[in-house]
Student: 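Starting off with a structure, shown below.
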Amino acid sequence: MSDSTTLLVGTTKGAFILNQRPDTETWSIAGPHCDGWCINHMTGDPNTGKIWAGGGGEWEGAGVWTSEDGGVTWTVSRLSKGQRDEWAAGDPDFAKMIDWSPWEPPFDILQVWSLGYAHGTLFAGTKPATLLRSNDDGQSWEKVQSLSDHPSADSWNPGGAGLVLHTIVSDPAAPEKLWLGISAAGIFATDDGGQSWERRNRLSNAEECDHHNHPAGPSNGETGHCVHNIVRAPGDLLYQQNHHGVYRSRDGGRSWDNITEGLPSTFGFPIALHPRDPEMIWTIPLNGDSVGRYPPNASAAVWKSTDGGESWTAKQSGLPAENCFFTVLRQAMATDSGAPLGLFFGTNSGSIFASFDEGESWDEIARHLPTILSVETLANGAA
C-alpha cells in the first residue's frame, strides 16, 4: 500500500476520510463531513487534492460537495430541491433559521449516485438515471442530453433501488471513451465524447440464456440489464458484477462471457481489478435477493481470480468466518496504486477491511461507522 493512500468513504450519515497514522497500523478517521448528507459516492483528483462527494435525499435534494483542502472544508452545489425547500417556502421563520432564499433548481433529480473524474471533466450519475457533466470542478453542471435521448430510454426499468446511473468508467488514454452502468438498463458506452451512446449487453454465447428465468438474468442473447458494477483494464478489457453473475468482455462491452463458474452464488455487488494485472480481480458474492444478501453460509470471503475469471479462490483469513450477515454494496470496494497493492471494502454494518497482500489476508481497520455506501482511494497525499 502507498504510504500516502487516503480512503474516501461515503455513508448514510456523511463523508468520512481515513488516513493511516505514520509508523502504525491504526487509521485516523475524519468526519462526518457534508452536513451529514447521505453520500453515495466520492472521488478525487490526486494531482490537485480536490475531493468530491455526491448524494442527497428527500430532505436535502441532490447535490455534489467539493473540498479543495483535503476534506477540511466543504461547499455544496445543490442540483435539486428537497423537502427543506418546501418547508422554507411556506414558513418565513424556518427560512430565516436555515438562511434560505428562493431559488430554481437546475435539474429534476432525487440523488447523485456516482461520480467520475477524467481528463479535467467531472461526471455525475443520478437517480433517476441521468448523466451530468461539469467542466469547472463541480461548480456548474449540464445534462448529457444524448444519453437521456437514447432510443431505448423509454424501456429502462428500475432496479431494487430505483432507476439509477451508478457506475462511470473512463479510459485514461482516451477522453472520448466512457462506459456507464445503469440499473436496470445495462451498460452504455460512447467512443465520441458523449455525442452518441451504444447499449452493450450482448452475450458471447446466446445459448447461456436457456436455463435462466430470473427477471434480471440473461435473456434474449443479453446479460441481465441489472448491472451492479463495472471495472476496466487497458485494451478495453471490462469486468462486471451484475444481479445474476460475473462477466468479462475483451472488446469494450460489445460481447460478454460468463465467468461466474466457481463462485458460490451468482449475486453480488462490487468487483475490483488490480491496476497493473488485468487478470487479477476480486468480488464478494452474496446469497441473493430472497435470502438476505449476506455472504453464503454467513461466512465472509473475498473471492479472487488470477486468470481473468477462469477460476476463483476464497480468501477468508482475517474475515468473520461465521455468523456474518453484512452486505458489501456496489461502490464499496476499491484498490490503491501502491506496491504492494492495498485493497479495501466497507460493509453496511460500518466496518472497513483492508488487505495489503493482494487479498490473501484481511484486517479490520475501522468499525462502527454508519452504513457504508462507497469506498474509494486517493493517492499522493491529497488529504
Side-chain angles (χ1 to χ4, degrees), residues 8-17 30-45 48-117 120-145 147-149 161-166 168 194 370-371 373-374 376 382-383:
L8 309 177
V9 181
T11 81
T12 54
K13 297 182 180 181
F16 291 80
I17 298 177
H33 301 294
C34 308
D35 287 356
W37 281 35
C38 176
I39 298 299
N40 288 312
H41 194 218
M42 300 177 70
T43 193
D45 179 6
T48 64
K50 288 184 178 180
I51 302 171
W52 296 278
E58 183 179 352
W59 173 250
E60 306 93 347
V64 176
W65 291 80
T66 302
S67 176
E68 298 187 1
D69 53 15
V72 178
T73 61
W74 295 81
T75 58
V76 64
S77 174
R78 296 188 64 205
L79 302 178
S80 67
K81 288 184 176 180
Q83 192 176 64
R84 69 191 296 271
D85 298 282
E86 296 180 14
W87 285 20
D91 187 339
D93 291 335
F94 179 68
K96 183 177 181 180
M97 182 179 71
I98 66 171
D99 192 26
W100 181 89
S101 57
W103 68 293
E104 288 301 319
F107 305 105
D108 183 18
I109 57 176
L110 300 175
Q111 288 181 310
V112 172
W113 263 68
S114 58
L115 296 170
Y117 184 73
T121 299
L122 182 63
F123 295 95
T126 74
K127 175 184 178 179
T130 302
L131 182 64
L132 307 181
R133 175 172 51 205
S134 173
N135 293 314
D136 55 11
D137 291 344
Q139 301 306 303
S140 62
W141 295 85
E142 63 178 359
K143 179 190 291 190
V144 180
Q145 192 64 45
L147 179 68
S148 299
D149 291 341
L163 183 62
V164 295
L165 197 166
H166 53 65
I168 301 170
T371 297
L373 305 177
S374 64
E376 295 291 351

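One is the number of the first residue; the rest follow in order along the sequence.
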Student: Run the side-chain contact (heavy atoms from CB on, under 4.5 Å) check on Asp45 and Trp52 step by step: do they pass?
Tutor: CA-CA 9 Å; Asp45 179 6; Trp52 296 278; 4.1 Å; yes
Student: Between the main-chain N or O of Asn40 and the side-chain N or O of Ser374, is there a donor-acceptor pair closer than 3.5 Å?
Tutor: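 Yes, because the side chain of Ser374 sits within donor-acceptor range (under 3.5 Å) of the backbone of Asn40.
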Student: Rounded to the nearest 0.5 Å, what's the gap from CD1 on Ile17 to CG on Leu8? Could you check?
Tutor: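 Taking CD1 in Ile17 and CG in Leu8, the distance rounds to 6.0 Å.
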Student: May I ask you to test the Trp141-Pro106 pair for a side-chain heavy-atom distance under 4.5 Å?
Tutor: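 With C-beta onward as the side chain, the pair stays apart.
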Student: Give a yes or no on whether the backbone of Glu58 and the side-chain of Gln83 come within a donor-acceptor separation of less than 3.5 Å.
Tutor: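 Pair absent, no side-chain N/O of Gln83 close to backbone of Glu58.
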Student: Could you tell me which residues satisfy side chain to side chain contact (heavy atoms under 4.5 Å, CB included) with Glu104, sequence neighbours excluded, listed by chain and number?
Tutor: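 If we apply the side chain to side chain contact (heavy atoms under 4.5 Å, CB included) test to Glu104, skipping adjacent residues, the hits are Lys81.
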Student: Mind listing the closest non-hydrogen atom pair of Val112 and Ala62 along with its distance?
Tutor: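 The pair with the smallest heavy-atom distance is N-CB, 4.1 Å.
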Student: Not counting sequence neighbours, list each pair that qualifies as a salt bridge (charged side-chain N to carboxylate O under 4.0 Å, His left out) and has a residue in residues 123-137.
Tutor: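 Only Lys50-Asp137, Arg133-Glu142 qualify under salt bridge (charged side-chain N to carboxylate O under 4.0 Å, His left out).
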Student: What residues, two or more places apart in sequence or in another chain, satisfy side chain to side chain contact (heavy atoms under 4.5 Å, CB included) together with Thr371?
Tutor: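 With sequence neighbours excluded, Thr371 shows a side chain to side chain contact (heavy atoms under 4.5 Å, CB included) to Thr12, Asn348, Leu373, given in chain and number order.
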Student: Taking His41 for the side chain and Trp113 for the main chain, is one N or O donor matched with an acceptor at less than 3.5 Å?
Tutor: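 The answer is no, because no donor-acceptor pair under 3.5 Å joins these two groups.
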Student: Can you give me the closest heavy-atom contact between Met42 and Ile51, atom names plus distance?
Tutor: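 Between these two residues, the closest heavy atoms are CE-CG2, 3.9 Å.
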Student: For Leu165, does its backbone N or O pair with a side-chain atom of Ser114 as donor and acceptor, under 3.5 Å?
Tutor: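 Yes, the answer is positive, given that a donor and an acceptor are paired below the 3.5 Å cut-off.
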Student: Who are the side chain to side chain donor-acceptor pair (under 3.5 Å) partners of Glu60, not counting sequence neighbours?
Tutor: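 So Glu60 forms no side chain to side chain donor-acceptor pair (under 3.5 Å) with any residue.
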Student: How many angstroms lie between OG in Ser134 and CG in Leu115, if you round to the nearest 0.5 Å?
Tutor: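 Atom-to-atom, Ser134:OG and Leu115:CG are 10.5 Å apart.
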Student: With sequence neighbours excluded, what pairs up with Ala95 under the side chain to side chain contact (heavy atoms under 4.5 Å, CB included) test?
Tutor: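 Expected list: Ala88, Trp100.
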Student: On a heavy-atom basis, which atom in Leu110 and which in Pro128 lie closest, and how many Å separate them?
Tutor: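 For Leu110 versus Pro128, the nearest heavy atoms are N-CD, 4.1 Å.
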Student: Listed by chain and number, what are the side chain to side chain donor-acceptor pair (under 3.5 Å) partners of Ser67, not counting sequence neighbours?
Tutor: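 Asp69.
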Student: For Ser101, enumerate each residue passing the side chain to side chain donor-acceptor pair (under 3.5 Å) test, keeping only those at least two apart in sequence or located in another chain.
Tutor: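 Applying side chain to side chain donor-acceptor pair (under 3.5 Å) to Ser101 gives none.
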Student: Mind checking whether Leu147 and Asp149 have side chains closer than 4.5 Å, heavy atoms only?
Tutor: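 No, too far: nothing below the 4.5 Å cut-off.
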Student: Can you find a pair of side-chain heavy atoms, one from Ile39 and one from Thr11, that are under 4.5 Å apart?
Tutor: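 No. Closest side-chain heavy atoms not under 4.5 Å.
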Student: If a pair satisfies salt bridge (charged side-chain N to carboxylate O under 4.0 Å, His left out) and one of its residues is in residues 84-103, list it, with sequence neighbours excluded.
Tutor: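 Found Arg78-Asp85.
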Student: What closest approach, in Å, do Ser80 and Pro105 show between heavy atoms, and which atom pair accounts for it?
Tutor: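 Result for this residue pair: CA-CB, 3.6 Å.
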Student: Does the side chain of Leu79 reach to within under 4.5 Å of the side chain of Ile109, using non-hydrogen atoms?
Tutor: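 They are in side-chain contact.
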Student: List for me each residue that meets ring pair (Phe, Tyr, Trp, His ring centres under 6.0 Å) alongside Phe123, sequence neighbours excluded, and say none if there are none.
Tutor: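 Residues passing ring pair (Phe, Tyr, Trp, His ring centres under 6.0 Å) with Phe123: none at all.
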Student: I'd like to check Thr75 versus Glu68 (side-chain heavy atoms, cut-off strictly below 4.5 Å). Are they in contact?
Tutor: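 With C-beta onward as the side chain, the pair stays apart.
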Student: Just jot down the ring pair (Phe, Tyr, Trp, His ring centres under 6.0 Å) partners of Trp74, sequence neighbours excluded, or say none.
Tutor: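 Per chain and number, Trp74 pairs via ring pair (Phe, Tyr, Trp, His ring centres under 6.0 Å) with His33.
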Student: Which residues pass the side chain to side chain donor-acceptor pair (under 3.5 Å) test with Asp108, sequence neighbours left out?
Tutor: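 Here no residue qualifies.
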Student: Begin with the C-alpha distance, continue with both residues' side-chain angles, and end with the deciding distance and a verdict on side-chain contact (heavy atoms from CB on, under 4.5 Å) for Ile168 and Leu131.
Tutor: CA-CA 9 Å; Ile168 301 170; Leu131 182 64; 4.1 Å; yes
Student: For Trp87, does the CH2 atom sit with more than 12 other heavy atoms under 6.0 Å from it, leaving out its own atoms?
Tutor: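 No, the 6.0 Å shell around CH2 holds no more than 12 heavy atoms from other groups.
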Student: How many angstroms lie between atom CD of Glu376 and atom OG1 of Thr43, to the nearest 0.5 angstrom?
Tutor: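 The OG1 atom of Thr43 is 6.0 Å from CD of Glu376, to the nearest 0.5 Å.
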Student: I'd like to check the side chain to side chain contact (heavy atoms under 4.5 Å, CB included) partners of Asp35; sequence neighbours left out, ordered by chain and number.
Tutor: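 In terms of side chain to side chain contact (heavy atoms under 4.5 Å, CB included), with neighbours along the sequence ignored, Asp35 is linked to Trp37, Trp65.
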Student: Looking at every non-hydrogen atom in both residues, tell me the closest pair between Gly14 and Pro32 and how far apart they are.
Tutor: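 Smallest heavy-atom distance, with atoms named: CA-CB, 4.3 Å.
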